[in-house]
Undergrad: 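Okay, handing you the structure first.
Chain letters run A, B, ... following the sequence lines, proteins first and then strands; every chain starts at 1. Just so it is clear, the values below take in all heavy atoms, side chains as well, and ignore hydrogens, waters and symmetry mates.
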Amino acid sequence: MIRITFPDGSVREYEKGVSSYDIAMSISPRLAAEVYAATVNGEVRDLSRPVESDATLRLHKWDDPEAKHAFWHSSAHLMAEALEALYPGMKFGIGPAIENGFYYDVDPGEGKVITDSDLPLIEAKMKELAAQNSKIIRSEVSKKEAMEIFGAKGDEYKTELISELEDGTITLYRQGNFTDLCRGPHLPDTSPIKAIRVLSLAGAYWRGDEKRRMLTRIYGITFPKQKQLEEYITLLEEARKRDHRRIGKELELFAFSPKVGMGLPLWLPKGADLKQRLIDFMTKVLKERGYVMVSTPHIGNVDLYKTSGHYEKYGADSFRPITTPQEGEVFMLKPMNCPHHCEIYNATPHSYKDLPLRMAEFGTVYRYEQSGELHGLTRVRSFTQDDAHHFCRPDQLKEEFKSIIDLVQYIFKVGGFSESTAQISLRDPENKQKYIGSDENWEKAEKAIIEAAGEKKLVTTIAMGEAAFYGPKLDFMVRDAIGRKWQLGTIQVDYNLPERFELTYMGNDNQKHQPVMIHRAIFGSMERFVAVLIENTSGKFPIWLTPDQVVILPISEKFNDYAKTVFKFLNNSDIRTLIDDRNEKIGKKIRDNELKRIPYLLVIGEKEVESGTVAVRRQGEGDKGAMKPEDFIALVKGEVAAEIKV
RNA sequence: GCCGAUGUAGCUCAGGGGUAGAGCACUUCCUUGGUAAGGAAGGGGUCAUGAGUUCAAUUCUCAUCAUCGGCUCCA
């Protein structure tokens, strides 16, 4: 007998070799039906795997990530089984569970393609196979056996993976006629997979290496219940409605033109107004916090970027150099503001008493992003950073860094980004040639970030190899409507540019010293911030940003959805009166039968301002017909609170 | 840049070898104080661009441009 300890501390005895599934059954059959994986002694395992000794046990129901992971991983295998049945000779790469669902990377073979029209076929086959309730069977094999099995199939992707595994650690999972190399864990059988949707196709490089073959990645998602699938699909559709590209068009905030060029956003009047409000707000906050504003040109001599190291690193992938009538004179469209700011620093002498110097600029930069990477306002080729550089003494570094964390948190709170995540991006220790600067400087910089984040009690993840080439950074990420993560705020510690630009200050010892530089952006870029702001608010911007935004939601359920989609972002001058019963002048001009009364709720930002009834003109002199959105816009009396106190 | 898809009226989209349709929006008129009002009439598209096949192409082929979903990249 063995002793099993449950999360609540209770202990039960079972026969040696009992499976987690049987244990669940012993508690209740209903529990067993809802459990998809188990954590045994801290290791997530198949439910069907025997437990051989005393152990702690947690059973995972659907709401646990471990359960979803096993469920979707098994679903990926199911999809592979369907693919193998439908397209004999198909080769398989990897097929993991992901945050929402799963995918499988496959190679359909030379000259063959999978297209969108195949997706329903795959889905149907998966349903057919799932209904067979095949057992999913785990087996341990030697490296040699594994190589023989997949070698015989000619599956070079699997054999490549196996060749890198250690003998004795290789496991296979089989269901029906399909066997896959896999670590698990999996469901005991395919029967719980009831609701299936094959979502989309994409290309993906084998092992993420753009020099290697591109495989076809097939995405799917599954659920135990059909209703859950329907809810998920609805959620996706709702999210798509919040897409900033869609709302930006509806609200006439920004546009793109092929004639101007891809990735070069055009700010329409209302969008430019919104952007300017953000800049004004940020400028005010920065001045309160001791920043000075500077301004620099959109181009710089190529030597500037050679000094900074950017030219060597990115020169080949940038917009081409600008030449002049002067032989040998070359400029670059500025891809970042830092080198310019360094030269501003160098323009005047500095005393230790003057530091820290906080230098800020809303600087527009140009980067030649790969065409396929462009995405609405979140990834563009021309964007305006709310950039700043702190030049400080080494002893001030940590406090400066912490003060910027405060600023980021303040702005995100005001902007309503409650769900941002923080990531510390460090140098890849295996790949040091990607970075400039001495080990000593890197160690100091990384230590400063980790400590500052720790002292601010920031919850962070650490990403190795994600650092900028000149220094480590702390990034603040926010998700967009469809769950993609975007970096907004970033704080970077840099010992290298001060060295390269020979920045100095006079210390109290009357000797020259080198300052430390902190690069930082809070919004990240105006473009990306506006994009994420739109998606977070569905275009209903916070009051402090849009004191003029007026939304009237007539109190009628049927009308509500419509009204929500037509709210407008308006300037005061644009606010057209309605024919308010308070407005006798206009009222007199209109015949009684041209008026209609509608109950309404006036909403400004998130705040209900007033409700009542309003008479609207349906048609008549100068009117453009019935029920234009503007007809529902009432005049707001007086100023609306211009700022939220946080 | 790579893989796949898409590109038809302001918007959402249908169609299909013989030079185009719907809903919403827009214009005009009529009707109507009941919750995105109803009715009638009307304006608007060289069907992304270029070339090829054909008696004939918006519809087929190819190329280009742009967009979308991913991959790679992201100072």
Undergrad: In whole angstrom, what separates A:Tyr103's OH from B:rC71's C1'?
TA: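 Distance check: A:Tyr103 OH to B:rC71 C1' gives 10 Å.
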Undergrad: Which residues satisfy the ring pair (Phe, Tyr, Trp, His ring centres under 6.0 Å) test with A:Trp267, sequence neighbours excluded?
TA: none
Undergrad: Is there a side-chain contact between A:Lys473 and the phosphate of B:rA75, meaning an N or O under 4.0 Å from OP1 or OP2?
TA: yes
Undergrad: Tell me: CG of A:Asp105 to P of B:rG4, nearest whole Å?
TA: 15 Å
Undergrad: Under the side chain to side chain donor-acceptor pair (under 3.5 Å) test, which residues partner A:Glu160, sequence neighbours left out?
TA: A:Trp206, A:Arg207, A:Arg212
Undergrad: Test your reading of the model: is there a side-chain donor-acceptor pair from A:Asp387 to the backbone of A:Ala521, 3.5 Å cut-off?
TA: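 Judged by distance alone, no pair lies under 3.5 Å.
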Undergrad: Considering only B:rG1, B:rA75, B:rG4, which nucleotide approaches the side chain of A:Ser318 most closely?
TA: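 Of B:rG1, B:rA75, B:rG4, B:rA75 is nearest to the side chain of A:Ser318.
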Undergrad: Under 4.0 Å, heavy atoms only, any strand: does A:Met262 hit a base, just the sugar-phosphate, or nothing?
TA: sugar-phosphate
Undergrad: Check the distance between B:rA75's C1' and A:Gln492's CD and give it to me in whole angstrom.
TA: 8 Å
Undergrad: Could you tell me whether the side chain of A:Arg358 and the main chain of A:Tyr291 form a donor-acceptor pair under 3.5 Å?
TA: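 Looks like no, no N/O pair under 3.5 Å.
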Undergrad: Please pick, from B:rG1, B:rA66, B:rA75, the nucleotide with the shortest atom-to-atom distance to any side-chain atom of A:Pro258.
TA: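 For A:Pro258, the side-chain atoms sit closest to B:rA66.
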Undergrad: Output every pair passing ring pair (Phe, Tyr, Trp, His ring centres under 6.0 Å) with a member in residues 473-499 of chain A, not counting sequence neighbours, ordered by first then second residue.
TA: A:His375-A:Trp486
Undergrad: Mind checking the C1' distance from B:rU6 to B:rA48? Whole angstroms is fine.
TA: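 Approximately 11 Å lies between the C1' atom of B:rU6 and that of B:rA48.
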Undergrad: Between A:Gln370 (CD) and B:rC2 (C1'), how many Å, whole number?
TA: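 Result: 9 Å.
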Undergrad: Ring of A:Phe469 versus six-membered ring of B:rA75: centres under 5.5 Å and planes under 30°?
TA: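 By the stated criterion, A:Phe469 and B:rA75 do not stack.
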Undergrad: Taking B:rA22 as the reference, what is the distance to B:rC60 when you measure between their C1' atoms (whole Å, please)?
TA: 26 Å
Undergrad: For the CD atom on A:Glu110, are there more than 12 heavy atoms of other groups (residues, nucleotides or ligands in this structure) within a distance under 6.0 Å?
TA: no
Undergrad: With sequence neighbours excluded, give me every salt bridge (charged side-chain N to carboxylate O under 4.0 Å, His left out) pair touching residues 361-371 of chain A.
TA: A:Lys334-A:Glu361, A:Glu369-A:Arg379
Undergrad: Can you run through RNA chain B from 5' to 3' and write each base as (, ), [, ], | or . depending on how it pairs? Watson-Crick or G-U wobble, both distances under 3.5 Å.
TA: (((((((..((((.......)))).((((((.....)))))).....(((((.......))))))))))))....
Undergrad: How far does the C1' atom of B:rA66 sit from the matching atom of B:rU28, given to the nearest Å?
TA: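 That atom pair is separated by 38 Å.
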Undergrad: Quick one: does A:Gln423's side chain have a donor or acceptor within less than 3.5 Å of a partner on A:Thr461's backbone?
TA: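 No, A:Gln423 side chain to A:Thr461 backbone: no donor-acceptor pair under 3.5 Å.
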Undergrad: Checking A:Glu156 now: which residues fulfil side-chain contact (heavy atoms from CB on, under 4.5 Å) with it, not counting sequence neighbours?
TA: A:Lys91, A:Thr159
Undergrad: Can a salt bridge be assigned to the pair A:Arg427 and A:Glu466 using a cut-off of 4.0 Å between side-chain N and carboxylate O?
TA: no
Undergrad: Among residues 376-387 of chain A, which contact RNA chain B at a heavy-atom distance under 4.0 Å?
TA: A:Arg379
Undergrad: Could you measure between the two P atoms, the one in B:rG33 and the one in B:rU27, and give it in whole Å?
TA: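 Taking atom P in both B:rG33 and B:rU27, they lie 23 Å apart.
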Undergrad: Does A:Asn100 offer a backbone N or O that forms a donor-acceptor pair with the side chain of A:Lys68 under 3.5 Å?
TA: no
Undergrad: Whole Å only: how far is the CZ atom of A:Arg213 from the P atom of B:rC2?
TA: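 In whole Å, B:rC2 P lies 16 Å from A:Arg213 CZ.
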Undergrad: At less than 4.0 Å, is any side-chain N or O atom of A:Thr216 found next to OP1 or OP2 of B:rC3? Yes or no.
TA: no
Undergrad: Look at all strands and tell whether A:Arg484 reaches a base, only sugar-phosphate, or nothing, counting heavy atoms closer than 4.0 Å.
TA: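 Contact class for A:Arg484: sugar-phosphate only.
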Undergrad: Considering residues at least two apart in sequence or located in another chain, which fulfil the ring pair (Phe, Tyr, Trp, His ring centres under 6.0 Å) criterion with A:Tyr87?
TA: none
Undergrad: Rounded to the nearest Å, what distance is computed from the NZ atom of residue A:Lys211 to the P atom of nucleotide B:rG1?
TA: 17 Å
Undergrad: Please check: side-chain N/O of A:Asp386 versus main-chain N/O of A:Gly524, any donor-acceptor pairing under 3.5 Å?
TA: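 Yes.
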Undergrad: With rounding to the closest Å, how many angstrom separate the P atoms on B:rU12 and B:rG7?
TA: 13 Å
Undergrad: What is the separation between atom CG on A:Asn100 and atom P on B:rG69, rounded to the nearest whole Å?
TA: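 In whole Å, B:rG69 P lies 16 Å from A:Asn100 CG.
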Undergrad: Report which part of the nucleic acid A:Val365 touches: base, sugar-phosphate, or nothing (heavy-atom distance under 4.0 Å, all strands).
TA: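 Nothing, no nucleic acid heavy atom in range.
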Undergrad: Show every salt bridge (charged side-chain N to carboxylate O under 4.0 Å, His left out) that has at least one partner inside residues 478-489 of chain A, sequence neighbours left out.
TA: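 For residues 478-489 of chain A: A:Glu99-A:Arg479, A:Asp480-A:Arg484.
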Undergrad: I'd like the C1' distance from B:rG70 over to B:rA9, given in whole Å.
TA: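 Rounded to whole Å, the distance is 32 Å.
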Undergrad: How far, in whole Å, is B:rG43 from B:rA20 if one measures between their P atoms?
TA: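 The same atom, P, in both gives a distance of 15 Å.
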Undergrad: Let me spell it out: for each of A:Gly372 and A:Ile114, pick the nucleotide of RNA chain B with the closest heavy atom. Which residue's pick is nearer the 5' end?
TA: A:Gly372
Undergrad: Is the distance from the ring center of A:His310 to that of A:Phe469 below 6.0 Å?
TA: yes
Undergrad: Give every residue pair that meets the ring pair (Phe, Tyr, Trp, His ring centres under 6.0 Å) criterion with at least one member in residues 97-125 of chain A, sequence neighbours excluded.
TA: A:Phe92-A:Tyr104, A:Tyr103-A:Tyr219
Undergrad: Sugar-phosphate atoms are those with a prime plus P, OP1 and OP2; base atoms are the rest. Using that split, label each nucleotide of nucleotides 6-13 of chain B B, S or - for protein heavy atoms under 4.0 Å, 5' to 3'.
TA: -----S--
Undergrad: Provide, to the nearest angstrom, the distance between the CD1 atom belonging to A:Ile436 and the C1' atom belonging to B:rA75.
TA: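 After rounding, the reported distance stands at 10 Å.
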Undergrad: Report yes if at least one side-chain N or O of A:Arg245 is closer than 4.0 Å to OP1 or OP2 of B:rC68; otherwise report no.
TA: yes
Undergrad: Using a 4.0 Å heavy-atom cut-off, does A:Phe256 contact any base of the nucleic acid, only the sugar-phosphate backbone, or nothing at all?
TA: nothing
Undergrad: Rounded to whole angstrom, note down the C1' distance from B:rC73 over to B:rG16.
TA: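 Roughly 41 Å separates the two C1' atoms.
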Undergrad: Using modelled atom types and a 3.5 Å cut-off, is there a donor and acceptor pairing between side-chain atoms of A:Lys158 and backbone atoms of A:Gly93?
TA: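 Judged by distance alone, yes, a pair lies under 3.5 Å.
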Undergrad: Under 4.0 Å between a side-chain N/O of A:His375 and OP1 or OP2 of B:rG70, yes or no?
TA: no
Undergrad: Mind running a 4.0 Å heavy-atom check of residues 196-205 of chain A against RNA chain B and sending the residues that fall below it, in number order?
TA: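 Hits under 4.0 Å, by residue number: A:Leu201, A:Ala202, A:Gly203, A:Ala204, A:Tyr205.
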Undergrad: Could you check A:Asp209 against A:Met214 and say which one's nearest nucleotide on RNA chain B is further toward the 5' end?
TA: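 Of the two residues, A:Met214 wins.
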